[in-house]
Every structure is written in C-alpha cells, then in structure tokens.
Amino acid sequence: MTPPDLATDAPLAERLGIVLASDAERSLLPVDLLVDLALRRNPKRAHLLVSRVLAKHVPTEPGIVMAAGHLLGLLVQRALRPADSSTGGPDDVVVRAAARLRVLLSDVGGSAGPSPARREAIAELERMLTPAPAALPDVVTIGYAETATGLGHLVAEMLGTYYLHSTRHAATGEDAVRPYGRFEEAHSHATSHQLIPTRHGVVHSARTVVLVDDELSTGATVINTVRELHAASPHARYVVASLIDLRSADDDAALAALAAELGCRIDVVALGTGSIHLPADLPDAAASFIDQVQDTPVRDAAPGRVRIVDATGSVPAIRSPRFGVDAGSATDAAAALAATLRDGLAGASRVLVLGTEEFMALPLAVAHALEEQLPTASVLFSTSTRSPIVVHDEPGYPIRSAVTFGSHDATLDGPGRRFAYNVAHPDARFDAVVVLSEPGTAADALTGPGSISDAVAGSGAEVHLVLLQAQSPYPRPQQGPAFGSYSPEDVTWLLKDLSEAQLEAPVAERELANQTGTASYAESLPEEFAPSAEYSALFHDALDGSKTRVAHAMGVVTEQVLALRGPDVVLVSLARAGTPLGILMKRWARAVHGIELQHYTASIVRGLGIDTTALSYLASHHRPEKVMFVDGWTGKGAIARELAAAVERFEATDGVRFPADLAVLADPGHCVSIFGTREDFLIPSACLNSTVSGLVSRTVFSRSLIGPEDFHGAKFYAGLGPADVSNAFLTAIEEQFGDVRDDVLAAQHAAPEPVRPDWSGWAAVERISREFGIDNVNLVKPGVGETTRVLLRRVPWKILIRPGAQENLQHILLLAAQRGVDVVEVPDLPYSCVGLIHPVLPAGVAEADA
C-alpha cells in the first residue's frame, strides 16, 4: 500500500480512492453539495461524511439548517399525503426550495459574514418552507442521536407530530423513565441507543413512524430500529427520512424484504441520493494518512473570559425531546433566551451558538432568534460531539480545528472526551461563543480546567455559558406540608396542584351538567365548607364507636395484601377515599412487621380511567407487578370495573400490565376479593370531605388545566386547616393496633382461600334502579360511604335505609334532614343505606345519550 500524499492538492477522496456519486434523477440536491469527506479515529469505519446543512461539526447559518430540515420534512409530508403533492414542475414548492438551497450552498460567503442579500435569500427560503398548521396525529417522528436530534425535530415541526429522539443518556433516580426500546448502531463511535418516551402509548398506537437520520449508508441501523419498534407494537408504515441516501441495491432489497416479512410499508426519502465506493484498503490507507497528520494547534490566542448567564429564573424549565415533546416545542423559550443574551453580545461581529451533543433543537432556535436580534453580526450554529474526527488544516478539508474537553453528561457508555470542531481555527475566530449545555447541568461541571467553557475560551472567544433549568420527564409528585396536611412519610400524591384554579360550582349546576352530558363531573368541584359543630360531634361519636372495628378490618386487608404481594408491595391509593386507608396500611406494616412500604395516591375518573401519567411514572420507578391499588370501600363496584378496564387499556397502549385487583377496607357490594370486611358499616372517614382526607379535594380532569404530560389535578384547601381531622382520624385508628393485632394475625393464619366476588351488589343496584323508575345505575349509590357522598356532593332524591340500621346512620339522618330529603325504609335492603340522586333526565335516557 502506498501512503496517501499529503503534499498533493488533490481532494482527500481522490487520494484515498473514495468515489462519491450522485443520482441526478433521484436527487433534489447533489450529494457532494450536501457533504464533505473527513476521516475519523474509529476502527469500525474510517471515513466520515460531514454534512454542510446539519451544523453538527461545521458552524452553519441557522436558516440553512432549518431550511434543509423543513425541506426534508416536506418530502415526508408528500410521501404521507401524496394527494397534496403537485406535479413536480417548476412551480412546485419542493423544486423551488431545493433550487434556492442549491444556490445558497454553492456560495457560502466569506468569513466577514453574510451579505444583506444572502440574509434575505435565506429568509425567503424559510418562508417558502413554513410548517403547515395541519398536524398528523397518527404519526410519530423519531430522530437518531446524537447527530440527527435537531434534524428530526425540524422534520416533526414540518409534519406537526409528536417527536422524540433516541438517546445515550442515562435516565436514573427520580428522573428514571422506563425504556420503550433499544437498538444498536454498529458503525457508530457509541453504539447503544434507547428510546425513553414518557408517553409510551403515543408511540405504541401510532399508525406511522418517521425515522430521521442525517445519512443512510447501509440501512442496518434502520433495520434494527424497525424490528425493535415492530416487536413492541406493529405499525402499518415506516418512513425513513435522511439528508443523503447512499445505500446499494442490495441494501435497498434488504429493507424491502424486511417490509414483506413484517407486513408493513417502508418508504425512504432523501434530499440527495447516490452511492459511495470505498476501496478495500481504505482502513490501512486512512490509518497511514492519520499517522502523518498533526492536529491543528490553537495559535496566538489569549484566553477569553467566561461569563455565566443564569437563565434558570427567566426561562421556563426545558423538557428534553428524548422524553417526547409536541412539535414546535423547541421555539417556545428561544425568543426569551435570545433576548436575555442580546445585550451581552451587542459588540460581537462573529457569534457562535454551540449546543452540546444531543441538545440541538433549542440551541438552533436560539441561534435563529439571535440572527434577528443582532442584525449586524454573523451568527452561526453548531454543537459539540463525542465523535473523534481527524483534524487537518488544509483548504477543502471540513474539520480544520478542534477543542477537546471532558464530558459533563451522564451517558450509558460513561464519561469520556468530547470535541467541538471548527471553533478555534485562527482564520475563522469567533468573538463570542454561546454555550448551551443540557438543561439542568450544574455550573461546576461546565467550568474549570478541562471543561467545555475552558476549552472554548482557549480559542480567544468570550464564552457566554448559559445555565438552563431542566423539566423532569414526569411531573414532580406532591407532598405535605406544601400540598395536603399529611406527612411526606405517609403519602406521595401523584397529582397536579390546582389550588389556585376556580373550580367550585353549585351542586345543582354540577348535577345538571353531569346528567345532561354538557360537562364531566371531573371538570369541576363541589363547594367545600367546614362542618358544623353538630356534624363534627357526630363524626367524633362515630369514630369513638367504630375505631376498633376499622382497625381490625384494616389489619385484615393489610395482611392479605402483604401475603399476595410480599413485603415490597407498592400501595397506590385511589384518590381520595383510598388515601387514609393506604396510610393506615403503611403504618400497620411498620408497627406489626417493621417494614416500610411505598405509598402513593393517584386519580381515577369514571369513564376516563386511572391517570395514565401516574401509571407511567409508577412503571418507571417500581415493578408493576408489585403494585396494589387501594380504595376505602365498594358500593356497586363501578370503580373496581373502571380499574380493571383501565389497566387492560394501559397494557394495550403502553405494553405494561398492572394487576387489576383492588384492596378495600369494606366490600358490601361483594365486588372484590381483597377486603377487610363485607359489612356495610360506617367508616368515619366517609363522613367528611377534604377535612378527613388531608385537606385535598376530589380529583379533577379538565383538558384546559391538565396537559398530556400532567397528572390529574386536585386542590389543597389550606384554609380549612382549623377544621382538619385527617391526622386525628389516623391516630385514633392506629392507637387500636395493639388491641386487634393478635386477632388479625390469628385470622390471617386460619384464613380460607380468597372469596371471589359475586357482584351481588351490582345486581341489587340494577333492581333498585328499576323499582324506583330511574333506569340509570349511575344515580344509585349504595352503602354508607356512597350515600354520604350523595348528601355532601350531589343532588339527593331519596335515602333508602334498611330497618334497624338507623342507630349507626345518625350522620346520614342529620344530613338528610338538613337537605330536606325523604328517608324511606326498605325491607331486605342488602346495604345499610342507599342514596338515590335526583334524576334530571327522563327515565331510560342514560347520561351518555344526553
């Protein structure tokens, strides 16, 4: 082998025998206009095609990067909606935009910066490629890390789709996210990718998946990805979008064979299509060339100063696209951040906005905004990378300089060296470099010897190091005393704090809206008040009379749960009636067995199901099979049915199965198999609203207040603190543990096989509905707890009572008298009492029909 000659003026590709060709008929733009050839220090692949429109390794005008990404997105849009395509003639926006981009790439301008005419030409190109307002809701776009994370975001913007990118970052601890899939990129410097969207269901249910990369060489990574995605959930169609496509006919056939095997459609679109010939001796020739090359030193530059720009208070927390975002999210904070930076950059003539590795979309948007706010400056954009590329100071070679520094991110492959290219060349210096690192990165990881700011400042540029706040992948759960009156050791609320929202409405107004279908009962709240002295006295009398009974039943159900799930069971109470029971179960396990249980509260809404964001959070932080859902009691079993349907749906959409069984203190409806008792007796916590439930409201779900990444909401009624008996109730029950402990454990020891539910309560409710002419089981609320809720929150019609039960229903009788509601004795009633809601609609017309 003859070593390549460094002295010759021939292009590197020619010296190494590499032939890069374009297919003119299949290309919008020539391949050699989109990429240059470089070498990398990677034994798996010696060559590297350096994009001229991606801004990964070569600082580039933001408008050029955006135009190339949006043009690629338009090609995907045409593939998905061929009816929207024009004839491809000279008036076609794709043809016109490609022609303008070709001219701009052919004349990149000098180091002095773009002329006003060039700026206007780029702006006109951007206007031609404005993202369409019509979204594609059944499409998900995925970009490949690290190179195509920004490109994928631009394609998603053009399509109006949900977007995420693969990642090599490690999501651990409180920010842990359950991976959706993993795949390998064999030729990459770091091969392992994973997908970690918080909303698995969006990806799972998408009809079409768009995969975006900067370069298709063999298509092997795409094949690995499609197999992984299809195994998780088959999709009807995949569209692969790339800046350049250099696959061979055999590679194309392999992708077609995969589509036939999986029974799906796979399309490929690219700005430039062609081929590349790599000689057999390329690895040796490249190694010989590299041995002769010396990295370009940074010459004659006094270190610039480092200015820290703390934007954590002025810019909202940034959500990483690796967790999934809606299209367009990259620009939300860009204008505010650019305005924060503008004054500090006012005297600079050449400015570089430098993103870091996977963090590309927002830095690009900031660079674009700075172009508008610094009209006399030349603003370019690029990002740092983990790819070790050969630096060679020769005209025509794309990588002329490099600065190196230590990594500051937690990645799957651990710490290592990182690089920023073409930042420090003596002939193309920057006055100022804005470093935008991953949100949430601490300042001390970005400063000091060996850091990114230290390395960039060594080029002579003034470094503006921006600190951004990271948005957690999931909402932060709530805990007392900031939310609710329970101790943080007792419960973690998987709820959004809506304490400032005006949600209360009169009972009659809510009932009408609920029954006529004009609004869901979960969109508003009943007004809550401190109980009267007379009613409070009834509560305390009821507590004194039933605390031992409640403690015994609570111990029985806790022992069942521990036997079924083990000592590492995760209790998830259904808000809000289940919360006091979950706390008592947690305290029983500590007092009797010396074990600490995790306890959460999550929302479930009839007709909607359990909060899927809460389920996603639980699946990412715990083993789903260890979860036990907890509620206070059953009536007719509507919540048990709702829970079973919800976990089945979640398994279908998100691929995770939670157990559907429900543990309750009392099961008078015979609807569950895990219960403390089946007697319909007064559980004192049913007597009150928030003042016995940690001062937290019933849960709320309104799309105007709850976003797709949010937990369901609730209010904290701190103003009712003087009337709060939440912790007094818990203490009164806990004080009985010693008295009932032996009986509970003996009963658990001798317990027969679990009793299966027979749903006799549901049958009774159907019978009552017919006998009283309601014909709507949703208006029949059986049992003491549900009857109390009817009197406190709904418009009651009648209260049915079993003869002889009045002595234990004094609070029911008092509330009925206060609201002027008829109390009717019904012989052989299977519950102590039943509350009937006043029907607004005619008999036989269900709420859903209204």
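What's counted below: heavy atoms across the whole structure, side chains too, no hydrogens, waters or symmetry copies.
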CA sep, side-chain torsions, deciding dist, call: V692, C687, side chain to side chain contact (heavy atoms under 4.5 Å, CB included): CA-CA 8 Å; V692 79; C687 290; over 6 Å; no
query: So D490 and R587, side chain to side chain contact (heavy atoms under 4.5 Å, CB included) or not? Walk me through it.
result: CA-CA 8 Å; D490 278 331; R587 292 186 180 184; 2.8 Å; yes
- prompt: Hey, mind stepping through V780 and F772 against side chain to side chain contact (heavy atoms under 4.5 Å, CB included) and telling me if it holds?
  reply: CA-CA 10 Å; V780 180; F772 282 83; over 6 Å; no
- request: Carefully, step by step, assess S485 and L695 under the rule side chain to side chain contact (heavy atoms under 4.5 Å, CB included).
  value: CA-CA 6 Å; S485 60; L695 296 181; 4.0 Å; yes
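Counting non-hydrogen atoms of other residues, nucleotides and ligands closer than 6.0 Å to CD of E648 gives a total of 12 or fewer. Other residues, nucleotides and ligands contribute at most 12 non-hydrogen atoms within 6.0 Å of the CZ atom of R207.
The main-chain N or O of V557 is never found under 3.5 Å from a side-chain atom of E559 such that the two would form a donor-acceptor pair. Between the side chain of T579 and the backbone N or O of A575 there is no donor-acceptor pair closer than 3.5 Å. A distance-only check finds a donor-acceptor pair linking the side chain of D611 to the backbone of H712 [under 3.5 Å]. With D680 contributing its side chain and S832 its backbone, the two residues share a donor-acceptor pair below 3.5 Å. S573 places a side-chain N or O within 3.5 Å of a backbone atom of G578 that can act as its donor or acceptor partner. Of the possible donor and acceptor atoms, none in the side chain of H811 sits under 3.5 Å from a partner among the backbone N and O of A542. In terms of modelled atom types and a separation under 3.5 Å, the side chain of R698 and the main chain of S524 share a donor-acceptor contact. A side-chain donor-acceptor contact under 3.5 Å links E642 to the backbone of G607. Here the side chain of D667 pairs no donor or acceptor atom with the backbone of R678 at under 3.5 angstrom. Of the possible donor and acceptor atoms, one in the side chain of S616 sits under 3.5 Å from a partner among the backbone N and O of T612.
A cation-pi arrangement, defined by a distance under 6.0 Å to the six-membered ring centre and an angle within 45 degrees of its axis, is present between R549 and F681.
Atom CD1 of I799 is separated from atom CG of L815 by 9.0 Å, given to the nearest 0.5 angstrom. Here the OG1 atom belonging to T699 is positioned 12.0 Å from the CG atom belonging to L494, to the nearest 0.5 angstrom. Put simply, CG on L581 and CH2 on W633 are 10.0 Å apart, with the number rounded to the nearest 0.5 Å. Once rounded to the nearest 0.5 Å, the distance linking OH of Y486 with CH2 of W493 reads 6.0 Å. Here the CG atom belonging to L688 is positioned 7.0 Å from the OG atom belonging to S536, to the nearest 0.5 angstrom. Considering CG of L665 and CZ of F675, their distance stands at 11.5 Å, rounded to 0.5 Å.
E825 is listed as a side-chain neighbour of Q806, based on a closest heavy-atom distance under 4.5 Å. In this structure, W797 and V790 have side chains that are not in contact, with every pair of non-hydrogen atoms separated by 4.5 Å or more. Inter-residue side-chain proximity for V740 and W588 is flagged as met; some heavy-atom pair is nearer than 4.5 Å. No side-chain heavy atom of M585 sits under 4.5 Å from any side-chain heavy atom of L597. Put simply, the side chain of I610 does not reach to within 4.5 Å of the side chain of F650, judged on heavy atoms. Within the 4.5 Å cutoff, no side-chain heavy atoms of N776 are placed close to those of P839. Side-chain contact between L562 and I595 is present, with at least one heavy-atom pair separated by less than 4.5 Å. Counting heavy atoms from C-beta on, the side chains of Q478 and F711 never come closer than 4.5 Å.
Here E528 does not pair with K715 in a salt bridge; the nearest charged N to carboxylate O distance is not below 4.0 Å. Between R657 and E651, at least one side-chain N (NZ, or NE/NH1/NH2) sits under 4.0 Å from a carboxylate O, which counts as a salt bridge. The pair D661-R565 counts as a salt bridge, with a side-chain nitrogen and a carboxylate oxygen less than 4.0 angstrom apart. Salt bridge E596/K586: present, at least one basic N to carboxylate O contact under 4.0 Å. For E771 and K798, the salt-bridge test fails: no basic side-chain N is under 4.0 Å from an acidic carboxylate O.
Side-chain atoms of R576 and N689 form a donor-acceptor pair, as typed in the model, at a separation below 3.5 Å. Side-chain contact check for S532 and E534: no donor-acceptor pair (N or O, by modelled atom type) lies under 3.5 Å.
Considering every non-hydrogen atom in both L682 and S546, the closest pair reads O-OG, 3.8 Å. Pairing each heavy atom of V765 with each of P782, the nearest pair is CG2-CG, 3.6 Å. Heavy atoms only, all atoms of each residue included: K781 and T787 are closest at O-OG1, 3.5 Å. Closest approach of L615 and F658 over heavy atoms only: O-CZ, 3.5 Å. Across all non-hydrogen atoms, the minimal contact from S690 to S726 is O-OG, 3.9 Å. Pairing each heavy atom of T613 with each of P475, the nearest pair is CG2-CD, 3.9 Å.
A parallel orientation is assigned to the rings of Y617 and H621, their planes being inclined by less than 30° (bins at 30° and 60°). Classified by interplanar angle (parallel below 30°, tilted 30° to 60°, perpendicular above 60°), the ring pair F483/F716 is tilted. The aromatic rings of H204 and Y180 lie perpendicular to each other, with more than 60° between the two planes, well past the 30° mark.
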